[in-house]
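Counting starts at 1 for both ligands and their atoms, following the listed order. This is a predicted model, so every value here is computed, not measured. These values consider heavy atoms only, across backbone and side chains, with no hydrogens, waters or symmetry-generated copies.
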Amino acid sequence: MSILTNLAASPRVKGAADLARAALRTALDLALPPLCPSCRVPVEGRGLCPSCWSKLSFITRPYCERLGIPFAYDPGPGILSMEAIADPPSYNRARATVRFDGISRALVHSLKYGDRLDLAPMMGRWMGRAGREILAEADALVPVPLHWRRQWARRFNQSAMLATAVSAESGVPIAGGVLKRVKATAQQVGLSRSERASNVQGAFKVPEESKGAVVGRRLVLVDDVLTSGATVDGCARALNRAGAANVDVLIFARVADPVRTAI
Ligand SMILES: [Zn+2]
């Protein structure tokens with residue numbers, strides 16, 4: 001093994017190389033316009049190009065007041081979906097900004113894996129709007145935690161990035177560290193609904209020393225994507241068990257097939 005590869009393998013030099021890369025990226029960022037995270041054309045300012053922006057599918061009323069899933073037709077105000085009544089979640093209300101589709105997936109993936117942390121303020125602003133009602137009644141935001149091993153590998157938690165942006169937008173503070181992921185769960189991708197539920201069973205816990213920040217408080221869980229809802233449901237169950245007064249959920253993008261049946 002050459003000296004160079006030996007050096008590259010040492011953690012300190014790897015850190016220096018990361019720094020050099022980050023500095024180079026900043027220099028390039030100053031010189032080159034950022035790219036649209038979805039179609040990769042250069043854009044003015046930050047975020048999506050106008051064409052991708054116009055194709056984003058924002059979630060608006062009418063939707064189920066509990067689950068936040070859009071109705072295919074307007075059943076009238078305050079109506080719950082059959083799903084919410086047949087299988088009520090552990091949280092009170094969920095709100096999401098956009099449907100999870102090609103463009104919102106590109107935003108989520110750019111934030112999560114593409115070092116596009118600059119997208120978080122824009123995404124958080126949209127979330128602030130979608131969650132206005134639940135944020136107005138909230139005491140604190142709780143980002144869905146990663147297991148420490150995954151956070152170490154990824155270097156940051158995308159839900160915490162979004163929560164920081166939502167907090168800046170709404171003025172609702174973040175209750176950091178009140179929820180811990182105590183079980184390293186398998187990736188939810190490719191699992192069925194019931195497999196997802198058992199995958200997160202017992203995965204979240206409120207540490208004894210954090211209970212004071214949870215008891216009697218109205219909390220809003222923040223996450224990037226909601227698929228089956230098993231993850232936020234597991235988080236809400238842990239917060240309720242620790243004595244939270246109310247748990248709502250605010251998501252950037254959700255898988256949302258319109259609900260046809262309302263009660
Ligand atoms: Zn684009």
Applying side-chain contact (heavy atoms from CB on, under 4.5 Å) to Lys205 and not counting sequence neighbours gives Val182
Does Glu208, at its CD atom, have more than 12 non-hydrogen atoms belonging to other residues, nucleotides or ligands within less than 6.0 Å? no
Taking the Zn ion (ligand 1) as the center, what protein N, O or S atoms are found at less than 2.8 Å? Cys36 SG, Cys39 SG, Cys49 SG, Cys52 SG
Across all chains, not counting sequence neighbours, the ring-ring contact (aromatic ring centres under 6.0 Å, His included) partners of Phe58 are Trp53, Trp126
Do Arg99 and Ser57 have a side chain donor and acceptor closer than 3.5 Å? yes
For His109, enumerate each residue passing the ring-ring contact (aromatic ring centres under 6.0 Å, His included) test, keeping only those at least two apart in sequence or located in another chain. Tyr113
Is it the case that more than 12 heavy atoms not belonging to Arg132 sit under 6.0 Å from its CZ atom? no
